[in-house]
Structure formats: C-alpha cells, structure tokens
Chemist: 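One structure, pasted below without further comment.
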Amino acid sequence: MLDPKLIRESPELVRAAIAKKHLAVDFDAVLAADAAWRAQLQEVERLRAVQKGANAAMAALAKGSPEFAARLAEMRSVSSQVKEREAGLKAAEETCREAMLTLPNLPHASVPEGSTPEENVVYSTHGDTAAAAPGAVPHWDVPGFARLFDFERGSKVTGAGFPFFIGDGARLSRALINFFLEEGARSGYVEVSPPILVNAASATATGQLPDKEGQMYETTPDRLFAIPTAEVPLTNFYRDEILDAEALPVRRCAYTPCFRREAGSYGKDVRGLNRVHQFDKVELLKWVAPATSYDELEGLRGDAERLLVKLGLPYRILLMCGGELGFAQSKKYDLEVWAAGQRRWLEVSSCSNFEAFQARRAQIRSRSRETGRTELVHTLNGSALAVPRVLAAIIENNLEADGRVRIPPALVPHFGKSHLAFA
RNA sequence: GGAGAGGUGGCAGAGUGGUCGAAUGCGCCUGACUCGAAAUCAGGUGAGCCCGCAAGGGUUCCGGGGGUUCGAAUCCCUCCCUCUCCGCCA
C-alpha cells in the first residue's frame, strides 16, 4: 500500500509509477474514493463531537429531570443520524481501501524502463559460460538421474512436480541448505525456523492475498496457506509491532520448503528440477531504516551473490525493468545461474527492496529513541538460494566424463564426499 | 477434543453504564538537589486518522467483529488467542 498522503499531494508521481510498471489502474477512481471517504468522515466526526459534548452534560443532570428528558430526545435523533451515516462511512472506507490496494509500489529512479524480460538490464556476468563442458547435457538426461530424483513416484504419491530426492540427491540438497544457512549466519542473519502454514491475515500483509490466491495451496477446514516463500512468515513475524530504531537493521534467514501451484505455467520450462511445486529455499530478510534501504539492497544482493561465487558456478545479475517488477517491489535484482547442459540461465534468487510498501500493510514500524517518533520500516528480502535449480546447475556444470558430479569444494564439508554418484 | 479462568497503555495491575484514553506502581524522559552518581522531590511519558501553512482543533482505539443504549473498557451475541486441569498424540 502507498502512503495516502503521497497519493493526494503528488498524484503525478503515482501516475508515473503506474506507467513505468506498465499496469492498467484506474487512478482517478482511487482519488475519487479517497475524497468521498474524507468528506463522509468529517461529517460523522462532527456529529460525534456533538454527541460527546452532550454526554458530559447529561451525566451531570438528574435522571428524571425535564432537562434530562429534553436532552435525551434531542440526542436520540443525533444518535440515529450517526448510525445512518456511519454505515455510509464504513462502505466508503472499504471502497477507498480496496481502491488503494490496486496501486503498485513506486519503482526506484534507478529502475530501467521496459515491459519485457528482454528489457531487463544485465548488470554483471561472472564466470565462463563458454568453457563449460562441451558434452554437457540437461540434468534430466544424465544417466541415473531418475534414481536420485524420482518424479514418477512423486507423481503417484502426490502429483506432478513433487519429486522424491533420494540418496545423494537428498544428501546434496541437504548439504546446500546447510551451506546456505551457515553462510547466512556468517553474514549476520539470525537463523529462524518458521511455520510453513500461515493464516489469511499474514498472506494479505505480504501481498499474496487477494491477488495471488490461486498460486497457493490452501488447507481446509482451517483456511491456512502453504507458504510460497519464507518471506511470508518472516515478514509477518513483526506484524503490528514497533521495533526499536537502534536495533535496525534486523537480519533473519530461514530455510523452508516452498509451495507453488504454478497455475498456468505449463510449458517448456518445467522439465526436471527447473520448476517444481515444492522446493527448498533459504531466504534472507531485513528490516531496515528507510534512509539505508538501497545500501542494504546492495548488501543483500552481495550476500546472495557470494554463495554462487563460493560454489564456483557461472552466474549473472539482472536489474529488473519497471514492467518486470512485482507489484510491491521498488527495485529488484535477479540472480541467474548458468545451466551448462540446457545452455540457459536459471533464476535462483530475487533480491528486492519493498521500501515501506509491505511495512504499511503489515504495520511494522520503528521508534527512534531521540525523537520518540515512529516511522514505517523498509523491508527487503532475497533468496539465498533456491535449492533445486542450484542443484541442477551443479549437476550440469560439474558432470565429469565418468558420469559422476564433482562437488564444489565449499560444499564438500557439508556433503561429506568429493563426488556425487548416480549409480 | 472436554472443563474452567482470563485477555486493559512498554510492563504489572485497578476500573462492572456517564465527566475514563483510562487510577496506582514499575520503567522511561526532563528538571531540582549533587563534584558526579544513587536516593529523594517536581513535572512529563500510547498509537492511528481527519481538518489546518501553522498554532491548534476534532475523532477513533481497553483481543477482533456485531448488538443494546442518549451514552459501553463496563451489558448481550459471536469469533480469536492465552493460561490451568483432563483426554489424545509426534
């Protein structure tokens, strides 16, 4: 949600933001809804002031006195007016709130123009993609792949996109999780193991509801949602709370499985480990002082990036253009790892600054000790990293002539062996 | 799942229809005293929204929602949560 004051005072900024994100939003309707709500609010508050003034007077009068009876009759009429107008006010408020929720976050000035993936800016590229093994094949074509990643039985047990990880497949997945968490801790993020089912209020605060309801798995009869990312429980940890400004930035990291229905994404990107409905991921999250959030975004990107460096995988960083930004994001970097066998880039991390957009929805503020004032914090999050795609990249980039996969040295202490075998 | 108790400001804890955003204590801030500190004394100390250039004014909030009433922290309904005991269980 945007600051209502900004919408009223600088509507041109909001219009420009909508245009940069290439969204179709009826902004005039938002302005009208806001104006209507304020007009009704003022009238109701005026009537309430009358009511309150009379209360004190009536409390001082004797119950049976004629003065009391007169006042009572008068106030009955005011009371019914208040009730009537309050109903209208409530409707106006709801209309206004819904209108406000259609407004996207403003993109940062440094975000490039554009509406398609091709218009994302390649911010930097690292490692040699050309030198990758000439005989590299997509990970699903490696002999023995199905023994470590059993999609068929996963389909039988649950459904398509829910593979079993077996033997060294499971072991490498666990090693990556462990490596990511250890590195996160080293970078100052406190490890958290959050709930992986969340309620509707939490899903709304981070923006999954109402827009993306169909993308989440939902449980009945409790109406809890399987998290699509640890961002949801982590961000909501401080929902409706006021943090000590001196304690910022607060850094947390969490490993969780993530669940995504990926409705409507049937196509060629779904083979093997590229896109599955349940996957493991380590997420980094920061709550920061507004003045520092863009520096913190660079730091966050660096924290995620370092993992790819340590794993020795070729990767690149994209600065996402306006049209490719999520609804709630002000600026976003995507980290993509090179999958040598598929000869394509796989997104393994998204590092975003949400500024106060999520914090306003979730009511997460900080209080300065000097001024005593509260302000909305800025939230940032990023994957570090998504496990299955990194695993796929390791297989494709490190496959040796004998059919074994060389484990990156940084991972060996966690994996316990220098090679993964499909046999 | 069953029975009972309870949800009030940063914390503890009063308040059972009227002048209550709410006593009191603790904490915190400011001032006095002091070389300084402690102790003591005095004062201050919630959040949001609307109007206003501002000064300031108005209004909402006592777990959430709804109701009764001229008026609700207080009465009624409903939902949520916490605690204790019992049952079940990794």
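Below, chains carry the letters A, B, ... as their sequence lines are ordered, and counting in each starts from 1.
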Chemist: For nucleotides 65-67 of chain B, print each protein N/O atom paired with a nucleotide N/O atom at under 3.5 Å, atom names and distance only.
Modeler:
| unit_1 | atom_1 | unit_2 | atom_2 | d |
| --- | --- | --- | --- | --- |
| B/G66 | OP1 | A/K90 | NZ | 2.3 |

Chemist: Using a cut-off of strictly less than 4.0 Å, decide whether A/R76 has a side-chain nitrogen or oxygen near OP1 or OP2 of B/C70.
Modeler: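 True: A/R76 side-chain N/O within range (under 4.0 Å) of B/C70 OP1/OP2.
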
Chemist: Once salt bridge (charged side-chain N to carboxylate O under 4.0 Å, His left out) is applied, what residue pairs with a partner in residues 49-62 of chain A remain, sequence neighbours excluded?
Modeler: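 Not a single pair qualifies under salt bridge (charged side-chain N to carboxylate O under 4.0 Å, His left out).
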
Chemist: Among residues at least two apart in sequence or on other chains, which ones pass salt bridge (charged side-chain N to carboxylate O under 4.0 Å, His left out) with A/E336?
Modeler: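 Here the qualifying residues are A/R316.
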
Chemist: Report the residues that fulfil side chain to side chain donor-acceptor pair (under 3.5 Å) with A/R186, sequence neighbours left out, ordered by chain and then residue number.
Modeler: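 Scan of A/R186 (side chain to side chain donor-acceptor pair (under 3.5 Å), adjacent residues dropped) gives none.
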
Chemist: Under the ring pair (Phe, Tyr, Trp, His ring centres under 6.0 Å) test, which residues partner A/H139, sequence neighbours left out?
Modeler: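 Scan of A/H139 (ring pair (Phe, Tyr, Trp, His ring centres under 6.0 Å), adjacent residues dropped) gives A/F145.
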
Chemist: Where does RNA chain B form stems of at least three consecutive Watson-Crick or G-U wobble pairs, each pair having both distances below 3.5 Å?
Modeler: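 The stems that RNA chain B takes part in, listed by first number, are B:1-7 with B:80-86, B:10-12 with B:24-26, B:27-32 with B:40-45, B:46-51 with B:56-61, B:63-67 with B:75-79.
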
Chemist: Could you give the CG-to-P distance, from A/L41 to B/G48, as a whole number of Å?
Modeler: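 It is 17 Å, rounded to the nearest whole Å.
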
Chemist: Can a side chain N or O of A/S79 be found less than 4.0 Å away from OP1 or OP2 on B/G71?
Modeler: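 So the side-chain polar atoms of A/S79 do come within 4.0 Å of the phosphate oxygens OP1 or OP2 of B/G71, strictly under.
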
Chemist: By side chain to side chain donor-acceptor pair (under 3.5 Å), which residues pair with A/S110, not counting sequence neighbours?
Modeler: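 If we apply the side chain to side chain donor-acceptor pair (under 3.5 Å) test to A/S110, skipping adjacent residues, the hits are A/H108, A/K331.
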
Chemist: Taking salt bridge (charged side-chain N to carboxylate O under 4.0 Å, His left out) as the test, write out the residues that go with A/D168, two or more places apart.
Modeler: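 Residues passing salt bridge (charged side-chain N to carboxylate O under 4.0 Å, His left out) with A/D168: A/K417.
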
Chemist: Can you check the A/R239 CZ to B/G63 P distance for me, whole Å?
Modeler: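 The distance from CZ of A/R239 to P of B/G63 comes to 18 Å, rounded to the nearest Å.
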
Chemist: Would A/R306 and A/D303 pass as an ion pair if we require N to O under 4.0 Å?
Modeler: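 Yes.
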
Chemist: Would you say a side-chain N or O of A/T374 is under 4.0 Å from OP1 or OP2 of B/G46?
Modeler: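 Checking A/T374 against B/G46: no side-chain N or O falls below 4.0 Å of OP1 or OP2.
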
Chemist: Distance-only, no hydrogens or angles: does the A/S187 side chain make a donor-acceptor pair with backbone N or O of A/E183 under 3.5 Å?
Modeler: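 Checking the backbone N and O of A/E183 against the side chain of A/S187, a donor-acceptor pair under 3.5 Å is found.
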
Chemist: Among residues at least two apart in sequence or on other chains, which ones pass ring pair (Phe, Tyr, Trp, His ring centres under 6.0 Å) with A/F68?
Modeler: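 Checked A/F68 against ring pair (Phe, Tyr, Trp, His ring centres under 6.0 Å); zero matches.
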
Chemist: What's the spacing between A/R361 CZ and A/Q358 CD if we round to 0.5 Å?
Modeler: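 These two atoms lie 8.5 Å from each other.
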
Chemist: Just compare B/C49, B/G18, B/C70 and give me whichever is closest to any side-chain atom of A/A59.
Modeler: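 Output: B/G18.
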
Chemist: Between the protein and nucleotides 51-54 of chain B, which nitrogen or oxygen pairs come in under 3.5 angstrom?
Modeler:
| unit_1 | atom_1 | unit_2 | atom_2 | d |
| --- | --- | --- | --- | --- |
| B/C51 | OP1 | A/R38 | NH1 | 2.4 |

Chemist: Please name all residues satisfying side chain to side chain donor-acceptor pair (under 3.5 Å) with A/N398, sequence neighbours left out, ordered by chain then number.
Modeler: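 A/N398: no side chain to side chain donor-acceptor pair (under 3.5 Å) contacts found.
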
Chemist: Does a side-chain N or O from A/R365 land closer than 4.0 Å to OP1 or OP2 of B/G48, or not?
Modeler: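 True: A/R365 side-chain N/O within range (under 4.0 Å) of B/G48 OP1/OP2.
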
Chemist: Contact list please: residues 46-57 of chain A against RNA chain B, heavy atoms, distance less than 4.0 Å, in numerical order.
Modeler: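 Under 4.0 Å from RNA chain B: A/R48, A/A49, A/Q51, A/K52, A/N55.
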
